[in-house]
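This report refers to the structure that appears directly beneath it.
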Amino acid sequence: MSLEIGISDDARKTATPAPDGRHRVVQALESLFVTHRRHVKWLQAAMLLVFLIVVALPAVLPEPAPEATAWTDPRLALKYLLWGLWFPLVFLTVIVVGRLWCGVFCPMGAASEFANRFGLQRSIPAWIRWEGTPAISFIVTTLLGQTLGVRDHPEAAAGLFGLTMLLAILTGLVYGRGKRVWCRHLCPIGRVLGLYSRLGSVQFAPRRRLPGNREYTERGVCPTMIDTARKTESRHCIACFRCVNPAAAGGVKLELHHPGKEVERIRDHHANKAETWFLFLDTGVALGGFLWLVLPIYQDLRQALGEWAIDHGWDWLTRIGPSWLMVVHPERGETFLWLDFVAIIGFMLGCMLVLTTILGAITALTAKLARQAGAEGSFSQCFTELGYQYSPVALMSLFIGLGAELLTPLRYGPFGDFGVHAIRGGLFAAGIVWSVLLGWRILERQGVPAAKRSLPLLPGLVGSVLVGIGWWPAIFGL
Ligand code: SF4
Ligand code: SF4
């Protein structure tokens with residue numbers, strides 16, 4: 001006997017379909033976060049304590065013995081927690097949970113927003129709203145991180161993180177009204193997390209999207225100034241759930257989809273030219289920050305610069321610099337001269353410019369071939385969209401380079417260095433394959449027929465492999 005006896009055709013048409021598995025997960029997550037939204041502040045307070053322990057405490061702990069490891073020495077354990085776990089995992093987890101770190105856990109963003117309640121609440125000046133400001137913030141912080149040796153010297157890490165926290169609070173005290181101006185416009189890693197969150201499987205989307213593509217507003221509930229009714233992109237969304245109300249017919253709803261979907265359809269998600277260029281720049285400067293440590297050519301360039309300085313009477317280059325700008329730790333046998341400072345900055349900026357030029361030229365060729373194969377839209381639009389195909393390979397580069405310590409303990413396991421290299425190589429290969437698949441999908445959305453996509457896809461593959469060659473020493477050693 002049919003279970004549908006008694007249900008009319010009309011009723012069947014209007015009945016709400018039973019939620020599928022994904023729908024049920026979304027409902028459960030929305031309900032969990034909305035119910036406990038008011039408790040998030042306690043989580044953030046606890047994270048502030050963790051932040052102080054992990055960042056500030058190592059600076060006052062005694063020097064570890066030469067044979068000490070992260071298992072036997074608290075300072076080395078905290079170092080592993082900061083650089084081995086926290087840093088790489090915050091980047092990698094955006095693929096799964098978006099910028100949940102920013103919206104729920106980060107003590108810096110929370111402190112900035114808290115300070116904003118008591119501050120001057122001035123309007124946000126144009127220089128802060130400029131697209132380039134967060135990119136400059138990332139590049140300057142990355143350069144300083146290298147010259148100060150933040151990974152090896154806990155005082156430097158405490159100083160740099162402390163300065164960043166202070167600037168976040170000061171920004172909150174001066175600018176915006178109930179907002180996180182720091183997180184939207186100034187945080188050095190916020191924009192990078194934002195870019196990679198486009199690869200994530202989490203999206204907050206308006207139930208009824210209003211027309212227009214201006215997604216910025218200082219009114220409304222969103223702490224990062226998103227006009228939630230016109231929202232199409234993830235990058236500025238810190239997954240704070242404040243705009244979500246499951247009981248309301250309108251507002252914003254949580255969506256789960258496969259990773260990378262937003263980039264595959266970047267044409268519909270506010271592709272941004274500045275973001276494409278900063279993707280190239282970030283990848284280049286991060287690569288430079290790793291290569292100067294391992295490539296002999298850096299030492300040759302430094303030597304040549306030193307000899308040139310002596311020959312031309314530039315004595316200041318051979319003097320020790322200030323400890324707030326560079327490594328000055330004679331007690332650990334490491335002290336930088338101005339020569340080191342200039343050489344490191346020059347080398348990293350050089351890497352950044354070289355990689356940006358290469359990726360820019362390759363993407364220009366890709367856009368040209370795509371348009372010849374039938375891609376709709378201007379050259380500039382195609383260029384911007386196709387640049388996003390490098391985001392997986394760039395994310396894996398950052399993960400492998402910045403998170404080198406994460407896999408270090410595996411060296412002492414049964415597979416030794418081979419196991420570590422295999423995991424890094426596997427991650428990187430996955431990044432390249434994902435980049436190529438994204439390229440395929442972006443071309444599809446641009447209207448290039450499947451039979452004509454291979455040729456414009458080729459330069460993108462070359463670009464991804466070139467990034468891989470650049471990171472080769474990080475993955476496999478020299
Ligand atoms: S944008 Fe920066 S300061 Fe703001 S929450 Fe994210 S990581 Fe923290
Ligand atoms: S769009 Fe919603 S979830 Fe995203 S940051 Fe704004 S208020 Fe939070």
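Counting convention: from 1, in listed order, for ligands and their atoms alike.
The only member of R441, E385, Q381, E376 that meets side-chain hydrogen bond (donor to acceptor under 3.5 Å, both in side chains) when paired with Q446 is E385.
Ring-plane geometry between F161 and W83 is classed as tilted, the angle between the planes lying from 30 to 60 degrees on a 0 to 90 degree scale.
Heavy atoms of other residues, nucleotides or ligands lying less than 6.0 angstrom from CZ of R122 number 12 at most. The number of heavy atoms from other shown groups lying within 6.0 Å of CZ (R267) is above 12. No more than 12 heavy atoms of other residues, nucleotides or ligands lie within 6.0 Å of CZ in R265, so this atom counts as exposed by the packing criterion.
Taking distances strictly below 2.8 Å, the protein N/O/S atoms close to atom 2 (Fe) of ligand 1 are C187 SG. The set of protein atoms (N, O or S) found at less than 2.8 Å from atom 8 (Fe) of ligand 2 reads C240 SG, by chain and number.
Here the side chain of T384 pairs no donor or acceptor atom with the backbone of N272 at under 3.5 angstrom. At least one donor-acceptor pair closer than 3.5 Å links the side chain of R129 to the backbone N or O of I124.
No salt bridge links E264 with R445; every basic N to acidic carboxylate O contact stays at or beyond 4.0 Å. A salt bridge links E63 with R332: the distance from a Lys NZ or Arg NE/NH1/NH2 to an Asp or Glu carboxylate oxygen falls below 4.0 Å.
Residue R99 places a heavy atom less than 4.0 Å from ligand 1.
No side-chain donor from either of E215 and H236 sits under 3.5 Å from a side-chain acceptor of the other.
Of all atoms in ligand 2, listed by their number and element, those nearer than 4.0 Å to a heavy atom of K231 are 1 (S). Short contacts between ligand 1 and R180, defined as distances under 4.0 Å to a heavy atom of the residue, involve ligand atoms 5 (S).
Not less than 6.0 angstrom separates the ring centroid of H270 from the ring centroid of Y216.
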